[in-house]
Amino acid sequence: MRRIANGNLVLVSAAACVVWIAVWAWITRSGGPVSSLFLPSPGDVVERFGRMWVKPYIGSTLLGHVFSSLSIVLAGWALGGIVGVPLGVAMAWWPRVKWLVFPIFQLIRPVPPLAWIPLTLVWMGIGEPARIFVVFIAALVPWLMNSMQAVGSVDPLLIDAGRTLGASDGKILTRIVCRTALPTLIAGARIALGNAWTTLVAAELLAATAGLGYVALNASRMLDTDVLVVAMLLIGLLGVLLSLLMKLATHVLAPWSLSQQKG
Amino acid sequence: MAVNASPSPILSRPLAYGATSLGILALAWVLATSVLGWVGPEVLPSPLAVIARFANLIVEPFAGAALFGHVLASLERWSYGVFFAIVLGVPFGIFFAWVPWFRAVVNPVFETLRYIPPFAWVPIAILWFGASTATQAMVVFIAAFPACVINAQLGVQHVDNILVQAARVFGADQLNTLRRVVVPVATPSIFTGIRIAISNGWMALVGAELVVGKTGLGFLIAQGQQNDSVSTIFVGIIAIGVLGVLIDLCVQRLERRLMPWQLP
């Protein structure tokens with residue numbers, strides 16, 4: 001920001017990356033100050049990463065675990081949208097629905113989604129439905145809140161204008177409300193997906209027989225630190241990818257929102 | 001659509017509707033469990049059973065401690081994690097925004113680690129610290145730290161440059177500018193970060209306690225599940241929710257006290 005030009009800062013960052021990895025490699029070298037049981041060396045992590053693609057680790061290959069995690073996240077997230085968006089829109093459109101549903105919602109909201117895990121385990125047992133349910137609860141809140149806000153923030157003048165020009169209620173909803181509300185809705189979808197991913201990892205620590213969280217916990221119990229670090233980095237990487245995908249979706253579905261935000 | 005606060009008979013309608021829906025929910029709960037017996041206590045305990053269990057947990061230890069003991073254990077870990085997150089995270093964030101080369105050096109590591117969700121740290125925390133307070137405190141710290149850093153950084157970055165230049169013109173050195181101008185202006189943003197950190201930390205703690213530990217509210221509900229005592233799970237969930245709300249209220253109070261010019 002000050003004094004040093006931006007280009008130089010990128011160089012400093014790149015150099016820093018190299019230095020950090022070198023430090024990591026140096027402290028974890030065989031006979032180094034940090035034991036590989038505590039933190040594996042970068043070489044071990046890369047090697048293990050390569051091996052896990054082909055050789056199954058607790059049940060399936062790395063790709064299998066990734067698919068297991070992703071399919072549950074997407075299922076829970078989509079379910080959250082299917083329930084949350086119509087409910088949120090209805091709550092913003094008809095005050096009575098809001099008055100009825102909101103108190104129940106407020107009652108449930110302070111409870112972290114994770115606290116539901118033991119309850120879902122009792123109700124559904126260890127399996128995909130339990131994990132999907134927990135992810136669903138984590139995703140539902142942003143879906144619902146943002147769709148409610150999205151519809152609520154539509155300029156009443158536009159609605160009045162539409163009505164004056166003879167549009168029906170249904171047409172106003174699809175042609176005016178939905179279009180103005182789309183950016184907020186997509187933002188909600190993005191937050192929901194982030195929440196879903198975070199929560200899934202926790203659910204996999206407790207109630208899973210596959211998935212990256214499950215791999216991480218097992219690796220910790222078997223002292224396979226290299227596997228553990230592979231799983232952690234992959235969880236982070238997939239989180240970034242999901243968030244990038246949602247940003248792309250904003251560009252494609254509601255490009256006008258981007259210029260709006262800047263202005 | 002927006003409900004304003006002026007008192008009129010029509011405006012009590014939302015309240016009436018809310019009371020109705022909550023009443024129906026409570027009635028359905030009582031009917032399904034106690035009166036008609038559609039669902040057994042192993043699936044959904046009756047409200048009375050939950051209240052009885054609550055009273056019972058207050059006096060009688062379950063899973064190693066009485067309810068109050070679990071609450072204290074949770075609060076202790078949570079406050080360690082949040083304390084360190086604030087004490088380290090806020091100066092770190094300020095420094096991040098103020099010293100560009102520092103940010104350039106640390107950012108790659110920070111960004112990489114930030115994208116790993118707090119719960120993904122639970123297994124490695126177990127490996128490093130075992131089933132101890134430090135494990136849970138570390139998970140809380142990891143959940144709370146980024147919010148402190150990012151909001152402090154944003155607060156400092158958004159300080160009007162004219163203010164900084166004015167301070168310079170009046171002869172303030174770097175440290176004085178930071179202390180007298182930049183930090184006070186950035187305080188609201190810093191506080192937002194602290195508030196997010198506090199609630200993130202509470203959520204992460206529950207997750208950590210579910211996986212590892214021998215006391216705490218998360219452990220209580222995990223034990224309730226192991227012993228097929230759904231009423232215990234309910235008591236635990238309610239306690240977690242109520243404490244979360246109370247903590248947030250306290251922070252809001254504190255915020256209003258410290259920065260009376262900020263909030264209406």
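Hydrogens, waters and symmetry mates play no part in the numbers below; they use all other heavy atoms, side chains included.
Proximity to chain A (any heavy atom under 4.5 Å) is restricted, for B:V109, to the side chain, taken from C-beta onward. Contacts between A:R96 and chain B at a heavy-atom distance below 4.5 Å involve backbone atoms as well as side-chain atoms. Looking at A:L228, only its side chain comes within 4.5 Å of chain B, counting heavy atoms on both sides. Residue B:I233 touches chain A through its side chain alone, counting heavy-atom pairs closer than 4.5 Å. Heavy-atom distances place no part of A:P156 under 4.5 Å from chain B, backbone and side chain included. Only the side chain of B:V122 comes within contact range of chain A, with at least one heavy atom under 4.5 Å from a heavy atom of that chain. Both the backbone and the side chain of A:F38 have a heavy atom closer than 4.5 Å to some heavy atom of chain B. Proximity to chain B is limited to the side chain of A:L206, based on heavy atoms less than 4.5 angstrom apart.
Among B:V242, B:V211, B:T20, B:I240, the residue making the largest number of heavy-atom pairs under 4.5 Å with chain A is B:V211. Contacts with chain B were tallied for A:V201, A:N218, A:T198, A:I108; A:T198 has the most, counting heavy-atom pairs under 4.5 Å. The residue among B:A104, B:P117, B:G241, B:G224 with the most heavy atom pairs within less than 4.5 Å of chain A is B:A104. Note on A:L205, A:L39, A:I235: by heavy-atom pairs under 4.5 Å with chain B, the leading option is A:L205. Across A:A115, A:P103, A:P118, the residue that shares the most heavy-atom pairs under 4.5 angstrom with chain B is A:P118.
Taking each heavy atom of A:P112 and B:V206 in turn, the nearest pair found is CG-CG2, 4.2 Å. Nearest heavy atoms, B:V235 versus B:V50: CG2-O, 3.7 Å.
No side-chain donor-acceptor contact under 3.5 Å links A:T184 to the backbone of A:A150. Formation of a donor-acceptor pair under 3.5 Å by the B:S229 side chain with backbone atoms of B:Q225 is not found in this model.
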(Q) Before you tell me yes or no, could you show the steps for B:S21 and A:I104 under side-chain contact (heavy atoms from CB on, under 4.5 Å), namely the whole-Å CA-CA distance, both residues' side-chain angles and the distance that decides it to 0.1 Å? (A) CA-CA 8 Å; B:S21 74; A:I104 298 174; 4.1 Å; yes

Q: In sequence, state the C-alpha distance, the side-chain angles, and the governing distance for B:F92 and B:F102, and then conclude on side-chain contact (heavy atoms from CB on, under 4.5 Å).
A: CA-CA 10 Å; B:F92 196 78; B:F102 175 72; 3.7 Å; yes

Q. Given A:S68 and A:Y214, is the side-chain contact (heavy atoms from CB on, under 4.5 Å) satisfied, shown in steps?
A. CA-CA 11 Å; A:S68 162; A:Y214 176 70; over 6 Å; no

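In summary, the aromatic rings of B:F110 and B:Y115 are positioned with their centroids too far apart to meet the 6.0 Å limit.
With hydrogens and angles left out, the side-chain atoms of B:R77 and B:S132 include no donor and acceptor closer than 3.5 Å. Between the side chains of B:Q223 and B:T232, no donor-acceptor pair of N or O atoms lies under 3.5 Å.
Residues A:W77 and A:N195 fail the side-chain proximity criterion, which asks for heavy atoms closer than 4.5 Å.
For residues 14-22 of chain A, the interface with chain B (any heavy-atom pair closer than 4.5 Å) comprises A:A16, A:C17, A:W20, sorted by residue number.
Under the 30°/60° scheme for interplanar angles, the aromatic rings of B:W202 and B:W78 are found to stand perpendicular.
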